[in-house]
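Because the structure is predicted, anything quoted here is derived from the model rather than measured. Below, each value reflects all heavy atoms present in this structure, side chains not excepted, and no hydrogens, waters or symmetry copies. Atoms within each ligand, like the ligands themselves, are counted from 1 in listed order.
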Amino acid sequence: MTSPLHIVRGELIHFIADPAEAGASALVHVVDGALVIADGHMVECGPAAAVLAKLPTTPSTTRITDYRGKLILPGFVDTHTHYAQTDIIASHGEQLLAWLEKYTFPAERRFADPDHAAAVAAFFCDQLLRNGTTTALAFATVHPASVDALFAAAQQRRMRMIAGKVLMDRNCPDYLADTAASGYAESKALIEKWHGRDRLLYAITPRFAATSTAEQMTLAGQLFAEHPGVYLQSHVAENQAEVAWIAELYPQARSYLDVYERYGQLGARSVYAHCIWLDDTDRARMAATGAAMSFCPTSNLFLGSGLFDLDRAHDLGVRVGIGTDVGAGTSFSMLQTLNEAYKVLQLRGQSLSAERAFYLATLGGARSLYLDHRIGNFAPGKEADFVVIDPHATALMTRRMAGARTLAERLFVLMMLGDDRCIAHTHILGEAA
Ligand code: GUN
Ligand code: ZN
């Protein structure tokens with residue numbers, strides 16, 4: 001018995017390489033294209049006429065979904081976000097350290113209540129989907145049950161989710177502190193419970209070096225070494241006051257990033273949010289170890305943290321993905337996040353092309369998470385997560401699109417003017433979510 005086929009027809013856009021390296025050949029564009037999906041995975045993609053001509057003649061085994069007039073892209077990959085900060089998005093007036101004290105810690109305290117965690121997790125996952133995001137790397141809170149809630153919500157929606165319990169045993173309110181020993185034991189139990197279950201993967205989650213003792217940092221590195229395939233996520237070099245504080249807390253380290261390296265926390269599948277106040281030695285260490293940077297432009301502008309240097313990261317060969325960083329970030333929309341990435345890079349004198357922006361939001365994100373064998377484009381065998389975009393979702397977009405001649409121009413209009421209103425459908429493993 002062969003599996004039934006699902007054909008999805010529309011204008012296909014995906015990447016097979018990084019446009020910053022491969023140029024125009026990185027992007028595949030099929031104006032009237034079709035995806036062939038079986039058992040939630042890609043079988044092939046190509047021009048609709050060729051795909052349809054090859055179909056089995058028994059229509060009962062083939063279903064066609066017609067999205068002509070819409071763009072079909074791989075599902076977006078959000079490489080850094082905090083589900084527990086959903087309710088404090090858009091909180092006024094502070095930079096990082098005061099923002100954590102004033103808004104973030106009190107909001108995260110509420111996740112001691114599993115019912116609250118479940119309600120926020122459901123809302124968060126639904127927001128990801130309505131924005132076309134099908135894979136995310138997310139912080140939970142210090143409470144192990146907050147991880148259970150997020151994984152349960154993602155599992156129910158069949159999403160790819162990487163998440164973990166925050167490790168935090170100093171410089172935080174008592175009500176949010178774990179200990180080096182409890183953090184280790186609870187993380188280990190969560191890894192055993194969730195890592196590799198359906199599409200879920202675990203990330204060891206030391207909040208940042210300021211909120212972990214040396215003992216907890218050691219144990220986080222040890223957990224990472226003990227569990228090949230598991231992720232590690234943290235924050236680094238986001239804000240200048242934070243960087244100065246880290247230098248006081250860890251006087252022996254060469255740099256903020258070096259703290260993580262000393263504790264065995266740099267390597268493949270480690271993902272660091274922000275990476276603004278790094279030097280080239282740090283960037284070279286990230287490249288050499290296989291660590292990834294998550295560029296979080298809306299957050300960096302909102303908290304006044306600084307301007308990420310994409311060209312330097314690229315020149316030194318570091319993996320880079322895009323992160324919304326909700327709730328310091330101000331949008332769940334990867335389109336709006338690309339909009340602000342463009343503006344951050346303008347302030348750096350760097351011109352982000354639309355092709356590169358959409359690469360970073362799809363295949364680039366997948367590569368930074370070492371998931372490009374499973375997601376990120378429409379290559380055969382990959383999981384069929386994709387987003388269906390209406391380029392005429394608003395009157396303004398329709399008007400501006402009329403003057404866009406090239407695909408690059410259309411993609412640029414999409415990332416500058418688009419948001420959840422133009423996400424017509426999000427498909428997970430082939431099916432509309
Ligand atoms: N650094 C440590 N914790 C956080 C957090 O929750 N958000 C951001 N943006 N930076 C952090
Ligand atoms: Zn963050």
Would you name the heavy atoms of [X] and [Y] that are closest together and state the gap between them?
| X | Y | value |
| --- | --- | --- |
| Leu232 | Pro206 | CG-CD, 4.2 Å |
| His427 | Ala432 | ND1-N, 3.3 Å |
| Met397 | Leu417 | CG-CB, 3.8 Å |
| Leu316 | Asp280 | CD1-OD1, 3.3 Å |

So if I count the atoms of ligand 1 from 1 in the order they appear, which ones are less than 4.0 Å from some heavy atom of [X]?
| X | result |
| --- | --- |
| His274 | 9 (N) |
| His82 | 5 (C), 6 (O), 7 (N) |
| Ala328 | 9 (N) |

(message) Taking only non-hydrogen atoms of Phe139, do any sit less than 4.0 angstrom from ligand 1?
(response)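 So Phe139 does not count as touching ligand 1.
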(request) Can you pull out the closest protein heavy atom to atom 4 (C) of ligand 1? Residue, atom name and distance to 0.1 Å, please. (result)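 The answer is His235 CE1, 3.4 Å.
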(message) Quick test: of every protein heavy atom, which one is nearest to atom 10 (N) of ligand 1, and how far off is it to 0.1 Å?
(response)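 Protein heavy atom with the smallest distance to atom 10 (N) of ligand 1: Glu238 OE1, 2.7 Å.
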Output yes when the distance from some N or O of ligand 1 to some N or O of [X] is under 3.5 Å, and no in every other case.
| X | answer |
| --- | --- |
| Gln85 | yes |
| Trp99 | no |
| Arg207 | yes |

Side chain, backbone, both or neither: [X] near ligand 1, heavy atoms under 4.0 Å:
| X | result |
| --- | --- |
| Phe302 | neither |
| Glu242 | neither |
| Thr211 | neither |

Does the gap between the ring centers of [X] and [Y] come in under 6.0 Å?
| X | Y | result |
| --- | --- | --- |
| Phe111 | Tyr83 | yes |
| Tyr202 | His227 | no |
| Phe105 | Tyr175 | no |
| Tyr342 | Phe412 | yes |

(message) Between Lys193 and Asp148 (salt bridge meaning N to carboxylate O under 4.0 Å), is one present in this structure?
(response)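 The answer is yes: the pair qualifies as a salt bridge.
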(message) Just so I know, are the side chains of Cys296 and His274 near enough to count as touching, which here means a heavy-atom distance under 4.5 Å?
(response)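 Heavy-atom side-chain distance check passes, below 4.5 Å.
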(message) Distances under 2.8 Å only: what protein N/O/S atoms are near the Zn ion (ligand 2), ordered by chain and residue?
(response)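 Counting only protein N, O or S atoms under 2.8 Å from the Zn ion (ligand 2), the list reads His80 NE2, His82 NE2, His235 NE2, Asp325 OD1.
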(request) Run through His235, His80, Gln265 and flag the one making a side-chain contact (heavy atoms from CB on, under 4.5 Å) with Tyr272. (result)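 Only match with Tyr272 under side-chain contact (heavy atoms from CB on, under 4.5 Å): Gln265.
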(request) Just jot down the side chain to side chain donor-acceptor pair (under 3.5 Å) partners of Arg170, sequence neighbours excluded, or say none. (result)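 Counting only residues at least two positions away or on another chain, Arg170 forms a side chain to side chain donor-acceptor pair (under 3.5 Å) with Tyr250.
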